[in-house]
Amino acid sequence: MDATEIRFVGEHCKELAGLIAGWKRPLLFSHARADGDAIGSLCAMRSILRGLGNEPTPLLFEPPQVRYQWLLDEDPIAIFAGTDDPALSEADGVIVLDTCSDAQLEPVAAWLRSTSLPKLAVDHHVTRDPLVDHYLVDEHASATCLMVYEWAQHANWPLDDQARLALYVGMTTDTGWFRFSNTDARTMEAAGALVRDGVQPAAVFERLFQAESSARFRLLGAVLSAAELFCDERFAILALTQEMFSETGATASDTEDLVNYPLQIATVDASCLLIDQANGTIRASFRSKAPHGSRPDVDVSLVAAGLGGGGHRRAAAARIPGSIDEVKKIVLGRLSAAISEAQTQSP
Ligand SMILES: [Mn+2]
């Protein structure tokens, strides 16, 4: 496949804007376990394309997490029903948002590779599988929603209230409400423009972060009290067992963000959350702090890639076969190695 990588700059933005404006019935996909940036970019792109007079069909691979349900109340996104979904045969183009990874698009990955429809990926991740023929990529963008915002500015696409709200959700969730190391002036300027045009930060904050169930709160307590620290408290492993789910009544959608909590400890450089998937595999999520002073630069995307996963330098994930205890041993070894290697490389 002669996939031409296109950097995220003005002229390419305009060319690709012209390309997708010609797609009358595009399909919009994002990654499995859709987060705020995935749902935000699907929602915003849907509004933008409708504004151009087209009929986009966004699809999710599973029901949205409760945290984002409110964003879709008025205008739900359908759940993908398999490759015999009529939306696929009627489509004249495909836009993939916030991923370009086979593993994260598993339900459509084979279809994407085989279809002759024109395909574009808009993404800010490092992992780039050859699934599409056009790429709009910026690894320095804090969120895909930031890219969509800037793309809309370049292309003179108007944004309606729904698009602005959705883009703000993606930017705030991928930056941890403007706290993570990917928060930059570019993101703040885009977010500022959205607020100037009517988005209400406090209302969005309440809907996203002050609307949890008591079950999620109890799950947080259970998983934090079982946290383990290793390597002179340089990294933490949280293990979430099936018992914790049944005892608290929490569900898989209640696990988002738990991996970030151990980063509150001063000595901790990196954190890992293991979730028993009850199918013989463990989902491992990794986070690391940005280096500064004597803190080493732990690249968790390399740790995840070594385990068959991928992601960003500071946030990555993998699915690993085995029990919690088996996978914990593996992860313990990999993270210890990554931290000591980062330490020898730090100035
Ligand atoms: Mn993202």
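Counting starts at 1 for both ligands and their atoms, following the listed order.
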Can you tell me which N/O/S atom of [X] has the shortest distance to the Mn ion (ligand 1)?
{"X": "D37", "value": "OD2"}
{"X": "D98", "value": "OD1"}
{"X": "D174", "value": "OD2"}

Counting heavy atoms not belonging to [X], are there more than 12 under 6.0 Å from its [atom1]?
{"X": "E74", "atom1": "CD", "result": "no"}
{"X": "F205", "atom1": "CZ", "result": "yes"}
{"X": "E206", "atom1": "CD", "result": "no"}

For the rings on H140 and H124, is their centre-to-centre separation under 6.0 Å?
no

Would one find an N, O or S atom of H124, in either backbone or side chain, under 2.8 Å from the Mn ion (ligand 1)?
yes

